[in-house]
There are 2 protein chains.
Amino acid sequence: MSIEASAKRTRVRRSPEAARENILAAAEALLIEKGPQALKLADVAAAAGVVHATVLHHFGSIADVHTALMERMIRQLVAQILEADDPDEPAATRAESGARMLFDAFESRGAARLAAWLELTGESRRLTLVREAVNEVVANRLAPKGLDPAAAEDLVLVSVTLAMGVGLFGDSLAELMGKPPGRTRELAANLLRGWMAAFSAGLIR
Amino acid sequence: MSIEASAKRTRVRRSPEAARENILAAAEALLIEKGPQALKLADVAAAAGVVHATVLHHFGSIADVHTALMERMIRQLVAQILEADDPDEPAATRAESGARMLFDAFESRGAARLAAWLELTGESRRLTLVREAVNEVVANRLAPKGLDPAAAEDLVLVSVTLAMGVGLFGDSLAELMGKPPGRTRELAANLLRGWMAAFSAGLIR
DNA sequence: GCTTCTATTGACATTTTTGTCGGTAAGACC
DNA sequence: GGTCTTACCGACAAAAATGTCAATAGAAGC
């Protein structure tokens, strides 16, 4: 019943890359605000200011939007970690800041929820980008500290797994147990510190 | 085109409790085999040998089936942990077996995937059962070992979070990184051990 | 201005999934 | 055997979600 019911929308014609970027940025905002289950074709399109057929034209399917977004977020995270790395900083502080970024990305930025979604829908197998992302962090950030590459990969594997667990279930679990928000993250950080301390002290392995 | 196309099915009339149990057991098998996204009304009903309207009659909605199943699995896990607890066993072994059950439940039994599903769909808030489940484990299993209740709750919180992370992402992440399956779980167990060792040695906290 | 290319659109088709409703039959109780 | 309760069924309704397709309109090149 709107007066403008039959008004045609004025088109914006973007380059393919700009169009994809526009859509992915909108999808990321949607992910952070409402979670991955809100990444429906119609919703993503509306947030990006286009029609859902346009999204399909650029990505082929909604699943491809999901994986493209996940890859984009992985690249952002890796870039952020490498960029923020200050060789002058003491090793302990550098480890702390790396862990903080990891937790932030998976917790507040929604990466853990998107990853869980991909895992549940079986789309995670296509994320071959993960391997090179890990290699990049290991080679540029952990190996220079004199860490054995294999041990560094293990450290990344547990850290990421833990950070995803915290990002996904941390606050809900804490709330269900009557603990303050952020408590799980606190304990998880402590867990990693304790492990590294025990490792250095030769208590394990 | 089937010859028996219009054959009426012979009804089995169960008690309400038996009917619910039948449906939940079928749903659990489905969960383990295909994951939570396969827990659709029609699929659960088919697996249980009833019509989907029957499922709705007993649970009201498909979301209620999900939470009922999650609660059932939580109860099973708690019962299993308390039951298998042997006071004669050395403390270290008891901790190991508790951790093993936790990892098994969340990994192979599908609890982590269901929990993630509930988390993503916003249904996890209704799992008030969690609190009493934790209390039960703390009171009957951890406190008797002379552990401070608050510390015991913290231990449960991190352990469960970590186990969920492993159960959900462990194998996929390991595979994406070219590690053998089970590697993530191995590292996670080591992480917990190291933490406790560091704690005992006074290296942290 | 004219042509070409294709990003974008609107309308339609289809599938999947959840939920409603009136009627039917199994089994308990008398 | 008769009655009553309600677990169960079949058919239908409706919404949500993905995807197809022909037509349109920016923008660049000539």
Side-chain angles (χ1 to χ4, degrees), chain A residues 2 4-27 30-31 34-69 114 117-118 120-123, chain B residues 2 4-27 30-31 34-69 114 117-118 120-123:
Chain A
S2 159
E4 299 291 339
S6 62
K8 305 261 180 180
R9 64 165 79 193
T10 43
R11 299 186 182 182
V12 244
R13 189 189 174 101
R14 284 172 253 251
S15 71
E17 308 78 46
R20 284 177 61 99
E21 170 58 28
N22 172 50
I23 291 167
L24 289 181
L30 214 48
L31 167 69
K34 301 189 177 179
Q37 81 288 358
L39 295 181
K40 304 297 183 186
L41 212 34
D43 298 332
V44 170
V50 294
V51 144
H52 79 267
T54 301
V55 176
L56 287 175
H57 173 73
H58 288 288
F59 290 92
S61 76
I62 187 64
D64 285 328
V65 175
H66 296 155
T67 61
L69 178 56
L114 179 55
W117 184 264
L118 295 181
L120 293 178
T121 54
E123 296 165 34
Chain B
S2 161
E4 299 293 339
S6 63
K8 305 260 179 182
R9 64 166 79 194
T10 43
R11 299 187 182 183
V12 244
R13 188 189 175 102
R14 285 171 254 251
S15 71
E17 307 79 45
R20 285 177 61 99
E21 170 58 27
N22 172 50
I23 291 167
L24 288 182
L30 253 183
L31 167 68
K34 302 189 176 179
Q37 82 287 357
L39 296 181
K40 305 296 183 187
L41 214 32
D43 298 333
V44 170
V50 295
V51 145
H52 80 268
T54 300
V55 176
L56 287 174
H57 173 73
H58 287 289
F59 290 91
S61 76
I62 187 63
D64 286 329
V65 175
H66 296 155
T67 60
L69 177 56
L114 180 55
W117 183 265
L118 296 182
L120 292 178
T121 53
E123 296 164 34

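Only heavy atoms go into these numbers, but all of them, side chains included; no hydrogens, no water, no symmetry mates. Sequence lines set the chain letters: A, B, ... in the order given, protein chains first and strands last, and positions in each chain run from 1.
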A:Ile62 CD1 to A:Thr121 OG1 distance, which is reported to the nearest 0.5 Å: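 Those atoms lie 11.0 Å apart.
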Nearest-angstrom distance from the residue atom [atom1] of [X] to [atom2] of [N]:
X: B:Phe59; N: D:dC8; atom1: CZ; atom2: C1'; value: 15 Å
X: A:Leu56; N: D:dT20; atom1: CG; atom2: P; value: 7 Å
X: A:Ile62; N: C:dT16; atom1: CD1; atom2: C1'; value: 16 Å

In chain order, what residues pass the side chain to side chain contact (heavy atoms under 4.5 Å, CB included) check against [X], with sequence neighbours excluded?
X: B:Thr10; answer: none
X: A:Ala42; answer: none
X: B:Leu56; answer: B:Leu41, B:His52
X: B:Arg14; answer: B:Val12, B:Ala18, B:Ala19, B:Asn22, B:Val50

Salt bridge (charged side-chain N to carboxylate O under 4.0 Å, His left out) contacts touching residues 38-62 of chain B (sequence neighbours left out):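 Residue pairs passing salt bridge (charged side-chain N to carboxylate O under 4.0 Å, His left out), neighbours aside: none found.
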Could you write out each protein N or O paired with an N or O of nucleotides 3-7 of chain D at a distance under 3.5 Å?
| unit_1 | atom_1 | unit_2 | atom_2 | d |
| --- | --- | --- | --- | --- |
| D:dT6 | O4' | B:Arg13 | NH2 | 3.2 |
| D:dT6 | O2 | B:Arg13 | NH1 | 3.0 |
| D:dT6 | O2 | B:Arg13 | NH2 | 3.1 |
| D:dA7 | OP2 | B:His57 | NE2 | 2.6 |

Nucleic acid contacts - residues 34-45 of chain B versus DNA chain D, non-hydrogen atoms under 4.0 Å: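 Those residues whose heavy atoms fall under 4.0 Å from DNA chain D, taken from residues 34-45 of chain B, amount to none.
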side-chain hydrogen bond (donor to acceptor under 3.5 Å, both in side chains) partners for B:Gln37, two or more places apart: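 Expected list: none.
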Partners meeting salt bridge (charged side-chain N to carboxylate O under 4.0 Å, His left out) with B:Asp64 (sequence neighbours left out):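 Per chain and number, B:Asp64 pairs via salt bridge (charged side-chain N to carboxylate O under 4.0 Å, His left out) with B:Arg126.
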